[in-house]
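Here is the structure we will look at.
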There are 2 protein chains.
Amino acid sequence: MAGFTSRDVARLAGVSQSTVSYVMSGRRPISADTRKRVQAAIDQLTYQPNAGARALASQRTQVVGLVVPFGPAGDTTALLPFIETIASCARDNDYDVLLVTADEGTAALTRLAGRSLCDAIVLMNIAAADTRLPVAAASRIPVILIGIPDDPLGLPCVDLDYPEAARLSVAEAAAAGHDRVVVLGWSAEEVARGANYVGRFERAAVEAAAAAGLEHLAVSPVEVSREGARAAVAEALRIGGPRPALLVPASSAVPWVVQALTERGVVPGRDVTVVALCTDAAAMATVPPVTNVSTEPRDVSARAMQTLFRLLERDRETPPGGVELVAPRLTRRETTLTPP
Amino acid sequence: MAGFTSRDVARLAGVSQSTVSYVMSGRRPISADTRKRVQAAIDQLTYQPNAGARALASQRTQVVGLVVPFGPAGDTTALLPFIETIASCARDNDYDVLLVTADEGTAALTRLAGRSLCDAIVLMNIAAADTRLPVAAASRIPVILIGIPDDPLGLPCVDLDYPEAARLSVAEAAAAGHDRVVVLGWSAEEVARGANYVGRFERAAVEAAAAAGLEHLAVSPVEVSREGARAAVAEALRIGGPRPALLVPASSAVPWVVQALTERGVVPGRDVTVVALCTDAAAMATVPPVTNVSTEPRDVSARAMQTLFRLLERDRETPPGGVELVAPRLTRRETTLTPP
DNA sequence: TTGAAAGCGCTACCAA
DNA sequence: TTGGTAGCGCTTTCAA
């Protein structure tokens with residue numbers, strides 16, 4: 001089928017090979033007649049330019065490298081909307097996505113950049129003190145972080161506004177008339193990895209609770225499993241007083257927490273308020289649907305790609321980094337306590 | 001940091017550029033001394049070969065294209081283990097993975113092959129009469145299917161052995177002492193798309209039930225949602241008699257079916273048997289853990305990649321297609337009816 | 001055992 | 001408005 005080169009097209013159209021190139025790139029004015037003949041030849045041969053040759057000559061691969069946290073770590077489930085959105089944004093901008101697993105660590109970065117496999121890199125699941133950052137910052141190509149480290153080293157970052165998520169959660173608890181909020185905290189893995197958002201959420205939750213005159217309590221870490229959720233719920237109910245509001249920031253623990261409550265005969269929305277931090281889809285999948293602050297993986301990804309392409313267009317010498325925060329939204333569903 | 005070429009390495013090592021190439025590829029005997037000097041130069045410059053140039057010269061990209069069913073269709077959740085395994089197998093064989101979304105349809109295939117973006121393609125989520133197959137079969141590069149169409153057109157396929165999955169499920173029902181099995185069937189989307197495994201499972205279920213002397217009933221399609229599951233469960237209990245065994249082949253519906261049963265006070269493992277077709281992870285995530293026939297996404301992916309690399313090594317002229325089936329396993333958990 | 005050199009198929013510069 | 005041509009950085013043949 002394929003196998004034709006721009007020389008074949010040129011020959012068939014009766015023009016020079018460089019003219020074919022210019023017709024494709026539009027980087028030079030071409031007479032209507034010539035363009036027509038060349039286009040006809042392209043169509044006839046179903047010509048497609050060789051990506052390797054193009055990359056070699058132009059120093060651009062039209063590929064974005066995506067480093068995803070497969071392997072040991074990772075909210076392996078919440079990952080898909082990120083990947084999907086990134087792939088889709090890439091295609092919209094005429095880029096492809098090269099998928100690399102994070103277990104390669106630093107080597108992935110040096111390989112992607114060193115071999116000119118891509119024009120830019122998206123790095124996910126950033127730890128507070130991520131060892132890949134120095135390498136990323138020294139990279140020849142732009143790197144954008146999804147997640148915020150303690151020190152971004154000048155790299156652009158995009159993430160959910162976790163402090164705002166905490167504030168929204170606490171505000172919902174206050175509005176529902178609670179006087180205590182219990183944060184059913186993060187997984188041990190997230191804490192161990194040093195995910196920065198753990199602290200960002202926590203501090204904001206404490207502050208917001210104080211400002212609203214609520215007592216703030218925490219159960220952490222929470223093991224993400226049935227038993228872990230049962231234990232956490234037991235503890236939360238023990239320390240939370242008669243009518244606690246439960247904030248559940250670890251999205252993968254949400255279904256289990258709701259289960260554990262229900263098992264004990266504690267009905268969310270009647271006996272306690274539950275506010276989860278998870279995607280809207282996940283919130284609607286629990287029984288009953290849980291009031292949630294959305295994590296907006298699609299928005300976060302889209303913003304990251306948008307910023308990345310700005311960096312890529314305004315080739316070089318753009319103001320480097322900066323932190324972009326995506327606003328979460330709270331949606332009240334069936335687990336917010338309502339006055340009878 | 002980077003930006004060095006093999007010429008730089010050659011100069012530093014005092015050899016010709018082609019010698020550097022041969023040291024890297026090992027395609028020519030090199031004296032120990034020369035190799036040592038070249039390797040030292042490579043290390044010193046942290047030289048990495050340019051992927052585009054290499055692809056252009058060698059006609060090999062060391063990239064596998066992966067077409068994933070994002071977008072409208074898709075068990076969007078069950079996708080991750082496939083992607084992860086494929087990426088991991090690829091790296092083990094010194095390949096990278098280019099991720100393409102299926103919404104490009106046929107264009108994705110022609111682009112990947114036509115532009116020489118990759119050396120082979122993995123196509124997921126195959127419909128019974130998939131319109132991409134003719135294009136795939138005519139492709140210049142190997143294409144492997146995860147899933148089995150009605151006519152593979154000579155393309156290699158790998159998939160779970162769904163007939164065997166049906167047989168295992170029915171055998172479990174029989175062993176638990178039931179005299180009726182009700183299949184809570186597939187989603188309307190899967191049926192509409194014409195997923196081949198729907199029919200493969202169904203036919204085997206009917207046959208196995210007949211052979212075991214069980215009555216076979218079906219509720220299909222099942223809407224994958226809380227309400228859909230409730231309706232399906234109501235219908236299943238209506239037609240299923242006093243002690244039905246429920247087979248749930250649509251993995252995404254499993255948690256909802258279990259929920260719906262529990263809501264009605266019907267306890268899986270005490271009142272009915274539930275056998276799900278899903279990953280072991282998903283089976284253990286329900287309450288109670290559900291007896292399941294595993295879908296083995298990692299095994300299926302690994303087998304596909306193994307076959308793909310065989311095709312890629314034994315360059316050209318290997319016997320083309322063939323269908324590989326991966327055996328499912330049944331794990332009895334807490335939803336198999338046990339005699340009191 | 002090694003070097004020189006001819007491409008691979010494209011982009012982009014220099015002329016016309 | 002177009003053509004000729006010099007690379008891009010590698011692999012691989014042909015000579016030595």
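Note that this is a predicted model, so its numbers are computed, not measured. Keep in mind that the numbers below use all heavy atoms, side chains included, and drop hydrogens, waters and symmetry copies. Convention: sequence-line order gives letters A, B, ...; per-chain numbering from 1.
Between the P atom of C:dG9 and the CD atom of A:Gln62 lies a distance of 20 Å, rounded to the nearest Å. Regarding A:Arg7, its CZ atom lies at a distance of 12 Å from the C1' atom of C:dC8, rounded to whole Å. Rounded to an integer number of Å, the gap from B:Gln59 CD to C:dC10 C1' is 13 Å. If you take CZ of A:Arg27 and C1' of C:dC14, they are 17 Å apart, rounded to a whole angstrom. One interatomic measurement links the two molecules: CZ of B:Arg37 to C1' of C:dG3, which rounds to 13 Å at whole-angstrom precision. In this structure, the CG atom of A:Asp8 is 11 Å from the P atom of C:dC8, given to the nearest Å. Nucleotide C:dC8 holds its C1' atom 12 Å from the CD atom of A:Gln17, rounded to whole Å. To the nearest angstrom, C1' of C:dC10 lies 13 Å from CG of B:Asn50.
Remark: B:Leu308 CG to B:Gln306 CD distance equals 11.0 Å, nearest 0.5 Å. In this structure, CG in B:Leu99 is found 11.5 Å from CZ in A:Arg91, a value given to the nearest 0.5 Å. Considering OG1 of B:Thr85 and CZ of A:Phe70, their distance stands at 8.5 Å, rounded to 0.5 Å. Between atom CD1 of residue A:Ile30 and atom OG of residue A:Ser25 there is a gap of 8.0 Å, rounded to the nearest 0.5 Å.
Between C:dT1 and B:Arg28, no contact under 4.0 Å exists linking OP1 or OP2 to a side-chain N or O. Between A:Ser6 and C:dG9, a side-chain N or O to OP1/OP2 separation shorter than 4.0 Å is absent.
The side chain of A:Ala53 sits closest to C:dG9 out of C:dG7, C:dG9, C:dT2. With C:dT11, C:dA12, C:dG9 as the choices, the nucleotide that has an atom nearest any side-chain atom of A:Leu56 turns out to be C:dG9.
Residue A:Ser31 is in sugar-phosphate contact alone, with no base atom involved, counting any heavy-atom pair closer than 4.0 Å across all strands shown. Within the 4.0 angstrom heavy-atom criterion, base atoms lie near A:Ser18. Heavy atoms of B:Ser58 sit under 4.0 angstrom from primed sugar atoms or phosphate atoms, though from no base atom.
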Take A:Val143 and A:Val135 through the test side-chain contact (heavy atoms from CB on, under 4.5 Å) and record every step on the way to the result. CA-CA 10 Å; A:Val143 177; A:Val135 179; over 6 Å; no

Stepwise salt bridge (Lys or Arg N to Asp or Glu O under 4.0 Å) check, A:Lys36 with A:Asp33: CA-CA 5 Å; A:Lys36 208 149 295 175; A:Asp33 176 57; over 6 Å; no

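For DNA chain D, the contact window with chain A, defined by any atom under 4.0 Å from a protein heavy atom, covers D:dT1 to D:dG9 in 5' to 3' order.
Between the side chain of B:Ser16 and the base of C:dA4 there is no donor-acceptor pair of N/O atoms closer than 3.5 Å.
In this structure, a donor-acceptor pair under 3.5 Å is present between the side chains of A:Asp103 and A:Thr101.
Map A:Ser25 and B:Asp33 each onto its nearest nucleotide of DNA chain C; the residue landing nearer the 5' end is B:Asp33.
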